[in-house]
Amino acid sequence: IATAQIDLTTAQGHYPVRAALILQRPSYLRLEMLPVIGTPDFYLAASPDQMNIFIPSRGEFYSGKPSAENLERFLPCPMSIEEMVMILSSAYPPPVEKNMAYDSYPEGSLVRIEMKTTSGPLQTIWMEKNGRVTKLVRYGSDGREVYQAQYDDYAPGSSLANSIKIKWADLVTSVFVKYSDLKVEKAADLSVFELPVPAGAKIIK
């Protein structure tokens with residue numbers, strides 16, 4: 001659970017926003033954009049099988065799968081909900097490919113881990129010896145870099161980075177997230193990741 005300052009840069013411009021975030025690995029997310037005054041005008045709630053988005057000013061409620069394609073219609077971040085949740089929680093997306101090969105070796109004070117398939121590299125991770133991730137590079141099916149994430153500002157004894165920057169290979173798109181009021185809670189109730197249809201809203205699949 002955290003409040004975050006998010007700076008999003010795309011070819012269309014720069015968008016600084018404040019948001020309330022609730023994350024649970026591997027793919028539960030709730031995001032509310034916080035205006036300077038008034039109530040949020042963008043709500044997103046996602047679980048492994050469902051993503052709902054409500055935009056009050058338009059009276060529109062969107063419902064669909066938590067795919068990268070659906071998410072990109074609203075947030076110009078070409079990644080799936082699971083990738084986003086894992087990165088925003090200071091981890092890395094778990095590989096789902098079969099016949100994975102791992103190479104691990106020291107690089108300075110860090111450990112470098114390369115994950116590969118028969119078709120090429122999947123992702124490379126740098127982490128501290130205590131397991132805290134410092135950098136991730138993700139590759140596409142063609143072996144080219146898709147994006148990289150940098151994890152910084154870990155509090156002593158914490159496994160969560162207070163600042164995370166994701167940069168896409170187009171050298172234009174980036175997201176910088178700076179957390180405040182970051183806290184970890186243990187809870188079995190997943191209802192916070194559900195978003196009921198408000199009365200009178202137009203439902204769009």
Quick one, Ser63 with Gln50, criterion side chain to side chain donor-acceptor pair (under 3.5 Å). Give me CA distance, side-chain angles, the key distance, then yes/no. CA-CA 7 Å; Ser63 180; Gln50 184 70 24; 2.5 Å; yes

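- The distance from atom CG of Leu88 to atom CD1 of Ile6, rounded to the nearest 0.5 Å, is 7.5 Å.
- In terms of heavy atoms, Ala19 sits closest to Leu31 at CB-CG, 4.4 Å.
- Judged by distance alone, with hydrogens and angles left aside, the side-chain atoms of Asp7 form no donor-acceptor pair with the main-chain N or O of Phe176 at under 3.5 Å.
- Rounding to the nearest 0.5 Å gives a distance of 10.0 Å between CG of Leu23 and CD1 of Ile81.
- Residues Leu21 and Leu160 are members of one and the same hydrophobic cluster, defined by side-chain heavy-atom contacts under 4.5 angstrom among Ile, Leu, Val, Met, Phe, Trp and Tyr.
- Judged by distance alone, with hydrogens and angles left aside, the side-chain atoms of Ser89 form a donor-acceptor pair with the main-chain N or O of Val85 at under 3.5 Å.
- Tyr147 and Glu83 are linked by a side-chain donor-acceptor pair at a separation below 3.5 angstrom, with hydrogens and angles left out of the test.
- Pro196 and Phe61 get closest at one heavy-atom pair: O-CE1, 3.6 Å.
- Taken from CG in Leu195 to CZ in Phe54, the straight-line distance is 8.0 Å, to the nearest 0.5 Å.
- Going from atom CE of Met33 over to atom OG1 of Thr39 covers 14.5 Å, rounded to the nearest 0.5 Å.
- Ile125 is listed as a side-chain neighbour of Met115, based on a closest heavy-atom distance under 4.5 Å.
- Counting heavy-atom neighbours within 6.0 Å of Arg25 CZ, excluding the residue itself, gives a total above 12.
- A chain of hydrophobic side-chain contacts below 4.5 Å, direct or via other Ile, Leu, Val, Met, Phe, Trp or Tyr residues, connects Val146 to Val133.
- Partners of Lys183 by salt bridge (Lys or Arg N to Asp or Glu O under 4.0 Å), not counting sequence neighbours, listed by chain and number: Glu185.
- Taken together through direct or relayed side-chain contacts under 4.5 Å among Ile, Leu, Val, Met, Phe, Trp and Tyr, Leu75 and Met86 form parts of separate hydrophobic clusters.
- With sequence neighbours excluded, no residue forms a salt bridge (Lys or Arg N to Asp or Glu O under 4.0 Å) with Arg18.
- Between the Tyr92 side chain and the Thr124 main chain, no donor and acceptor come within less than 3.5 Å of each other.
- The shortest distance between side-chain heavy atoms of Leu71 and Leu44 falls below 4.5 Å.
- Taking both residues in full, the closest heavy atoms of Ala161 and Leu182 are given as O-CD2, 4.2 Å, listed atom of the first, atom of the second, then distance.
- In this structure, the side chain of Arg30 does not engage the main chain of Ala20 through any donor-acceptor pair within 3.5 Å.
- Scanning both residues, Val111 and Ser104, for their nearest heavy atoms gives CG1-OG, 3.4 Å.
- Using a 4.5 Å cut-off on side-chain heavy atoms (C-beta onward), Tyr179 and Ile164 make contact.
- The closest side-chain heavy-atom distance from Tyr151 to Ser163 is not below 4.5 Å.
- Rounding to the nearest 0.5 Å gives a distance of 11.5 Å between CG of Asn70 and NZ of Lys205.
- Separation of atoms CG (Asn52) and CD1 (Ile203) is listed at 9.5 Å; rounding is to 0.5 Å.
- Under the 3.5 Å distance criterion, the side-chain polar atoms of Asp41 are matched with a main-chain donor or acceptor of Ser57.
- Put simply, the side chain of Gln123 never gets that close to the backbone of Tyr139: no donor and acceptor are under 3.5 Å apart.
- Among Arg138, Glu82, Met79, the one residue that satisfies the side-chain contact (heavy atoms from CB on, under 4.5 Å) test with Ile87 is Met79.
- Hydrophobic clustering, with ILVMFWY side chains joined whenever heavy atoms are under 4.5 angstrom apart, keeps Ile53 apart from Leu34.
- Residues Val175 and Val177 come closest through the heavy atom pair CG1-CG2, 3.8 Å.
- Glu114 places none of its side-chain heavy atoms less than 4.5 Å from the side chain of Pro121.
- For Lys165, there are no salt bridge (Lys or Arg N to Asp or Glu O under 4.0 Å) partners at least two apart in sequence or on another chain.
- Classified by interplanar angle (parallel below 30°, tilted 30° to 60°, perpendicular above 60°), the ring pair Phe74/Tyr62 is perpendicular.
- Of the residues listed (Thr3, Asp152, Asp153), the one engaging Lys178 in a side chain to side chain donor-acceptor pair (under 3.5 Å) is Asp153, and it is the only one.
- In terms of heavy-atom proximity, Arg132 sits nearest to Gly157 at NH1-N, 4.1 Å.
- At a threshold of 4.5 Å between side-chain heavy atoms, the hydrophobic network of Ile, Leu, Val, Met, Phe, Trp and Tyr places Met127 and Val137 in two separate groups.
- In the model, Glu128 has no side-chain atom that pairs as donor or acceptor with a side-chain atom of Thr134 under 3.5 Å.
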